[in-house]
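Here the structure is laid out as structure tokens; the discussion comes afterwards.
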Number of protein chains: 2
Amino acid sequence: MTITIKDVAKKANVSIATVSRILNNKPGYSKETEKKVLEVIDELGYHPNSIARGLISKRTHTIGVLLPKISSMLMNEVIRGIEDTTHQNGSSVIVCHTESNGQKTMQYLQLLKDKQVDGIIFTSERLKEEYYQFVKKMEKPMVLLSTESYDFSIPFVKVNDQHAAYTATEYLIKKGHRNIGMISGNPEDQVAGQPRINGFLQAMNNYQIPVSHEHVVSEDGFSFEDGLKAFPRLIRQHPDLTAIFAASDEIALGVISAAYEMNIKVPDQLSVIGYDNINIAQMSIPPLTTVAQPLYDMGEKATEMIFEMIEKNQTVESRIFSHQVVERKSVKDLNKE
Amino acid sequence: MTITIKDVAKKANVSIATVSRILNNKPGYSKETEKKVLEVIDELGYHPNSIARGLISKRTHTIGVLLPKISSMLMNEVIRGIEDTTHQNGSSVIVCHTESNGQKTMQYLQLLKDKQVDGIIFTSERLKEEYYQFVKKMEKPMVLLSTESYDFSIPFVKVNDQHAAYTATEYLIKKGHRNIGMISGNPEDQVAGQPRINGFLQAMNNYQIPVSHEHVVSEDGFSFEDGLKAFPRLIRQHPDLTAIFAASDEIALGVISAAYEMNIKVPDQLSVIGYDNINIAQMSIPPLTTVAQPLYDMGEKATEMIFEMIEKNQTVESRIFSHQVVERKSVKDLNKE
DNA sequence: TTGTACGCGTTATCAT
DNA sequence: ATGATAACGCGTACAA
């Protein structure tokens, strides 16, 4: 038998109301009874049932996170930021892998609604009208993470992808490179695809280096395999390339492996810069230079925003995190020759 | 306003009891009323509130997972197996990172109790008496994953670590290696530490190859950095080593990177075999040969076991998964010279 | 300061 | 086949 507030009340010779007040710091009890009740609670090892609590208070101390089909390594740090922060706030999180599948996403949203989550963090994917409407009906706060909506006004946390891609490209240029190619993710991806391509093109243009769209090659996604497959195509088209900007670290590692297979030395014959700065960036040979997103911090911030919205019942300001290139050893400085 | 079973009942001109029966396939209603009610439900877009449901049914359709401080890349696949399976069963999971901290673990156990999870999956760490007693009082089923308890009789899912380590070492030996070193995790780790060392030693002994304990070097954990730091120490002690068995893939990558720094060619001058077969094993240069654990399947199986215990209210048989070496390119065959 | 009683949304028991 | 109602464990308005 689980022990309830009634048991405590009985044993302490008070009403359940009093126990409840003490539990929730609501005024209306004397120091004496508080002490007495606290003792009994301790003695019985009583803990309130959060289910019952949630039923009445409308707060379940649970938040939902929607994740699309992208690198688990990438999301790992983000999720850690979210989970740590959530638990620090005495709540827990339900993680949902939507696989970027609309139907699955709706199913998960329904699950989150059934479970009465207090808020939702929607990640790394375009927020479709359908999703938005559903959440709106739930009347629960939502924040966007690593994505942004132009259709609906929802607070978000992200890095400026175009700017970061610009920075990466510019870094290459400043190291003396002129023949630069890019391997992007899916160009139809409005959040991590096109903007990074734009940033690349913009940098090249700004430095008045001729580029065509043939300089950017793309596969479906951002994976190691995508890099592995895309690199040979790119290098065959442009054998004179001295540097490559990869739209993700995994792609970059794929490029490095493919280059190794083709007997092209990195960074001596080919420089590579990545994007994300996930764990594996340090593990490659040579260690990967990359533009870093503060993944953990972004997860943390998004979570803090959700809690602020939940508790103050008002909206909150979006936050753009700054990126930063992390220099390791995959880019050669052509100026030093 | 959220719409409840009452709204459905009212609109369908029946009692809430009838609606509830239809919702739960309890006998006691006619085809007609069923149709009518189902229509109304659809029309209103009604979904039962799982919180209220959980309050009375004592099932929350939530399970808890306890994770220690180990490679997030490793646990990633396991977690995916758990989450997928859980969601397929209409439940969701609360993931708790204990950091291998006893106090934190107890806090999380308390959280899981408060949230009334239906069951607990305890992972990759020794089950302390304190944890066991707590869960026992909860009267909820538990299964062990990648760990095993000799003190308490709890169903588990794992690979035979000693045997797998034996297999890895034997693989090296069969490729003609005799001077073999090992970089292990923490030897005091009773689940992934000592057993793997034992397996290594056992293989060497069985093939009558002299080894001392100096052939195995260990750092605190199983990380890339551990491998990075341990390798130079090991190779200085035994400059004649031709092969290394690393107790994890991350350690193995650390070894490869360290070897690269020291200008030692893998696999030409040094062969390396890993353990786990996580994603990054294919990304290294050269791609890593390793002994694979069926991580996703293990997560899946543990989850199925938990659900069986929950639903049939009885215990269940443990399961030892078989391991398998995945040949890539980090081990040289000395017989082919 | 303290207690009584109702309600949260659902399932289960007992009538009808 | 169906409905009224207690119960799940807790918070809170209201009364005392």
Side-chain angles (χ1 to χ4, degrees), chain A residues 1-38 40-41 44-62 90 110 113-118 138-140, chain B residues 1-38 40-41 44-62 90 110 113-118 138-140:
Chain A
M1 297 299 100
T2 57
I3 93 167
T4 79
I5 197 173
K6 276 186 193 168
D7 303 316
V8 176
K10 192 174 297 174
K11 186 149 187 175
N13 286 319
V14 296
S15 71
I16 63 168
T18 299
V19 178
S20 178
R21 289 188 190 102
I22 293 172
L23 248 29
N24 299 287
N25 296 314
K26 303 278 181 189
Y29 51 86
S30 66
K31 274 292 172 201
E32 296 174 67
T33 51
E34 174 177 18
K35 182 166 177 256
K36 172 77 179 173
V37 167
L38 254 23
V40 173
I41 286 178
L44 260 38
Y46 165 75
H47 279 267
N49 178 328
S50 66
I51 302 296
R53 223 172 209 182
L55 184 57
I56 183 163
S57 71
K58 297 299 184 193
R59 276 204 63 177
T60 55
H61 293 275
T62 305
Q110 185 62 59
K113 181 182 176 186
D114 293 349
K115 292 236 170 177
Q116 314 269 85
V117 295
D118 300 331
M138 283 176 64
E139 297 179 325
K140 300 289 180 185
Chain B
M1 299 297 102
T2 57
I3 93 165
T4 79
I5 197 173
K6 278 186 193 169
D7 302 316
V8 176
K10 193 174 298 174
K11 185 148 188 175
N13 286 317
V14 296
S15 72
I16 61 171
T18 299
V19 178
S20 179
R21 288 188 191 101
I22 293 173
L23 248 28
N24 298 287
N25 294 315
K26 305 276 181 190
Y29 52 86
S30 68
K31 274 290 172 201
E32 296 173 68
T33 50
E34 174 179 18
K35 182 167 176 258
K36 172 75 179 175
V37 168
L38 254 22
V40 173
I41 285 178
L44 260 39
Y46 165 75
H47 278 266
N49 179 328
S50 65
I51 302 295
R53 225 172 208 182
L55 183 57
I56 184 161
S57 71
K58 298 299 182 192
R59 275 204 61 177
T60 55
H61 293 274
T62 305
Q110 185 61 57
K113 182 181 176 187
D114 293 348
K115 292 237 170 177
Q116 313 269 84
V117 295
D118 299 332
M138 284 177 64
E139 297 179 326
K140 300 289 180 185

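Keep in mind that the numbers below use all heavy atoms, side chains included, and drop hydrogens, waters and symmetry copies. So you know, we letter chains A, B, ... as the sequences are listed, proteins then strands, and number each from 1.
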Using a 4.0 Å heavy-atom cut-off across all strands, classify [X] as base, sugar-phosphate, or nothing.
X	result
B/Ile51	nothing
A/Ser57	nothing
B/Thr33	sugar-phosphate
B/Asn13	sugar-phosphate
B/Pro27	nothing

Taking only the side-chain heavy atoms of [X] (C-beta and beyond), determine which of [options] contains the nearest atom.
X	options	result
B/Ser15	D/dG3, D/dG9, C/dA12	D/dG3
A/Asn49	C/dG7, C/dT11, D/dG9	D/dG9
A/Arg53	D/dG11, D/dG3, C/dC8	D/dG11
A/Arg21	C/dG3, D/dT2, D/dC10	C/dG3
B/Ile56	D/dC8, C/dT1, D/dG9	D/dC8
A/Ala17	D/dG11, C/dG3, C/dG9	C/dG3

Taking only the side-chain nitrogens and oxygens of [X], find out if one of them lies under 4.0 Å from OP1 or OP2 of [N].
X	N	value
A/Lys26	D/dT12	yes
A/Ser30	C/dT2	yes
B/Lys58	D/dG9	yes
B/Thr18	D/dA1	no
B/Ser50	C/dT10	no
B/Thr4	C/dG9	no

What integer distance in Å separates [X]:[atom1] from [N]:[atom2]?
X	N	atom1	atom2	value
A/Glu34	C/dT1	CD	P	11 Å
A/Arg59	C/dG9	CZ	C1'	20 Å
B/Ile16	C/dC8	CD1	C1'	13 Å
A/Ile5	C/dG3	CD1	P	12 Å
A/Ile3	D/dC8	CD1	C1'	16 Å
A/Lys31	C/dT2	NZ	P	12 Å
A/Asp114	C/dG9	CG	P	14 Å
B/Asn25	C/dA12	CG	P	12 Å

Electrostatic pair A/Glu34-A/Lys31, nearest N-O below 4.0 angstrom: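 Looking at A/Lys31 together with A/Glu34, the answer is yes, because their closest N to O distance falls below 4.0 Å.
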Under the 3.5 angstrom rule, does the side chain of [X] hit a backbone N or O of [Y] as a donor-acceptor pair?
X	Y	result
B/Lys36	B/Asn13	no
A/Lys115	B/Thr60	yes
B/Asn49	B/Ile51	yes
B/Ser20	B/Ile16	no

5' priority, DNA chain D, between B/Tyr29 and B/Gln116 [closest heavy atom]: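 Its nearest nucleotide lies further toward 5', so the answer is B/Tyr29.
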Test log, rule side-chain hydrogen bond (donor to acceptor under 3.5 Å, both in side chains), inputs A/Thr2 and B/Lys58: CA-CA 11 Å; A/Thr2 57; B/Lys58 298 299 182 192; 4.6 Å; no
